[in-house]
Number of protein chains: 2
Amino acid sequence: MRQDVHNSSIPVLCASCEARHKGICGALEPDQLVALAKTSYKQKADGGSELIGDAERVESYSNVLSGVVKLTKTLSDGRQQIVGLQFAPDFLGRPFRSESGINAEAATEVGLCSFPKGAIERMMKASPELEHRLYQQTLRELDEAREWMVTLGRKTASEKIASFLLMIARHIDPTADPDRTSATFDLPLSRADIADFLGLTIETVSRQLTKLRADNVIRIENNRHVVVPDMERLELRAGN
Amino acid sequence: MRQDVHNSSIPVLCASCEARHKGICGALEPDQLVALAKTSYKQKADGGSELIGDAERVESYSNVLSGVVKLTKTLSDGRQQIVGLQFAPDFLGRPFRSESGINAEAATEVGLCSFPKGAIERMMKASPELEHRLYQQTLRELDEAREWMVTLGRKTASEKIASFLLMIARHIDPTADPDRTSATFDLPLSRADIADFLGLTIETVSRQLTKLRADNVIRIENNRHVVVPDMERLELRAGN
DNA sequence: CCCGCACATTGACCTCGGTCAACCCCTGCC
DNA sequence: GGCAGGGGTTGACCGAGGTCAATGTGCGGG
């Protein structure tokens, strides 16, 4: 599959890139990778900076290489909802549409590898395997979106918070054993973001977090660092 | 694109099928269509019958030819959320996974054209155009799911109801001019289903519907038949 | 025709989570 | 050091929507 023995043909830009292993670039042959790398560039974006505007014409796609990107939708009166979170090595962009219909914003500092829209779309026509990977990711995103619809529509505030912490723990914790009994991680989102993600207010988020802390389900240090001594107890609170 | 002049090679089963025009079967060449038609069969399902079970192994995919299918998820204590609605000629099934993770149930009487799982997956490998169409549909479903996340997370009960009626009007009304000022349609869902879709209770659904009726935004006949004299007034209530 | 059943409506009451406001804590800047 | 500003917490209060229960309505079957 990968050719690590003689990979002098792999562009320097891509050599150690996560997107080449687990992301969509893994679908490309070395020569295609070279062609794509010519037009692509890595960049950093500060937390809070807007990556894609709602109605603005999108001219590029990106891979998320590090950090967390939040996808949001906003009603005319300002009410906001986060409709997705993207972690490395997710692909960022809405193929086959000039306007994305959603906003993308860096939740943390974010590393991106960006390509012009046309380059990806041409390559997609040439390589069914690339389109296949994008399709797979979209299916996963759809599964996740539907999972969150249940959370938004039917769970209580405290179940929402527990579900959110579980989801983050599963995505972020570097010690990635899915069966581990404890977990430790930094929240990539502010209280306001968590509220926008769960359809709550910051006050309710705060209250539910202190409740979980009071019940010794979690510990919180410096507002962002979370320790979950017993994942099962947290799962119990998520109400699945 | 289509070959209507000499289409004796099109299988009888598919000749007048909507899925061949607007659905995924339009991606297939006549000979592929013949091959697929050999293993496929049309069927009717009564409203309320289960089409795909949550954890049950899925052995077939289908096209929805008529009626409405609701996709649901259920928590262990019975709370239910509808996470998607499928109308003709949508494709029904979760490719690349043996278990769908969701339930599919006929909301109304439903017409289906079903294929064995393997047939589609083999054909997908052979025809990138087929996979492309499935990808496109999945992208549309993802857009819709995210749209509903905003509704679930941030809208009030009355905005939810108005948004729901708008969505149905756009999908169902046979007089399909998107800029028409009035609309008439039958609700494909019971009050209980609407509640499960919007994250509400049947009582709240009922109350909000009577409020819309009291304010002359809609008329309702026989519990199911809805008349919207002025779509703009309904849009105003949806709070986008 | 009447009964029984499923679905829908309506009312009375209560609760969860939103609102408003005070306060805390930390960090960066003068 | 002091102060301003942003993020987070906590408390008191309130209201949208949930809960529980009674009532209404249409329909198929005996």
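These figures come from a predicted structure and were not determined experimentally.
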Query raised in the report: Across the strands shown, which category fits B/Ile202 at heavy-atom distances under 4.0 angstrom: base, sugar-phosphate, nothing?
Result: nothing
**Report entry** Whole angstrom value for the distance that separates C1' of C/dA8 from CG of B/Leu189
**Finding:** 15 Å
Query raised in the report: Nearest of D/dG8, C/dT10, C/dG17 to any side-chain atom of B/Arg213?
Result: C/dT10
Query raised in the report: What pair of heavy atoms forms the shortest contact from B/Arg94 to A/Asp143, and how long is it?
Result: NH2-OD2, 2.7 Å
**Report entry** Distance, rounded to the nearest Å, where B/Lys211 contributes NZ and D/dG17 contributes C1'
**Finding:** 12 Å
Requested in this report: Give a yes/no answer on whether the side chain of B/Thr204 brings an N or O atom under 4.0 Å of OP1 or OP2 in D/dG17.
Outcome: no
Report summary line: From the candidates C/dT10, C/dG17, D/dG17, the one with an atom nearest any side-chain atom of B/Arg207 is C/dT10
**Report entry** Distance, rounded to the nearest Å, where B/Lys160 contributes NZ and D/dA16 contributes P
**Finding:** 14 Å
Requested in this report: Nearest whole angstrom, please: distance from the C1' of D/dG8 to the CD of A/Glu221.
Outcome: 16 Å
Query raised in the report: Just wondering, do A/Glu105 and A/Val69 contact through their side chains at under 4.5 Å, heavy atoms?
Result: no
Report task. Mind calculating the distance between CZ (B/Arg79) and P (D/dG18) to the nearest angstrom? Result -> 13 Å
**Report entry** Out of D/dG8, D/dT10, C/dT10, whichever nucleotide has its closest atom nearest the side chain of A/Ser190
**Finding:** D/dG8
**Report entry** Phosphate contact (D/dT19 OP1 or OP2) by B/Thr201 side-chain N/O below 4.0 Å
**Finding:** no
Query raised in the report: So, B/Gln137 side chain and B/Phe91 main chain: donor-acceptor pair closer than 3.5 Å or not?
Result: yes
Requested in this report: Using whole Å, report how far CD of A/Glu203 lies from C1' of D/dG15.
Outcome: 15 Å
Query raised in the report: Looking only at side-chain N and O atoms, does A/Arg191 come under 4.0 Å of OP1 or OP2 in D/dT9?
Result: yes
Query raised in the report: How about A/Asn240 and A/Lys155: does a side-chain donor come under 3.5 Å of a side-chain acceptor?
Result: yes
Query raised in the report: Which part of the nucleic acid does A/Gly199 contact within heavy-atom distance under 4.0 Å: base, sugar-phosphate only, or nothing?
Result: sugar-phosphate
Report task. Could you check A/Arg154 against A/Arg224 and say which one's nearest nucleotide on DNA chain D is further toward the 5' end? Result -> A/Arg224
**Report entry** Distance in angstrom units between B/Asn223 CG and C/dA6 C1', rounded
**Finding:** 11 Å
**Report entry** Whole-Å gap separating C1' (D/dG8) and CG (A/Asp196)
**Finding:** 16 Å
Report task. Please report the shortest heavy-atom distance between B/Arg154 and A/Gly199, naming the atom on each side. Result -> NH1-C, 3.6 Å
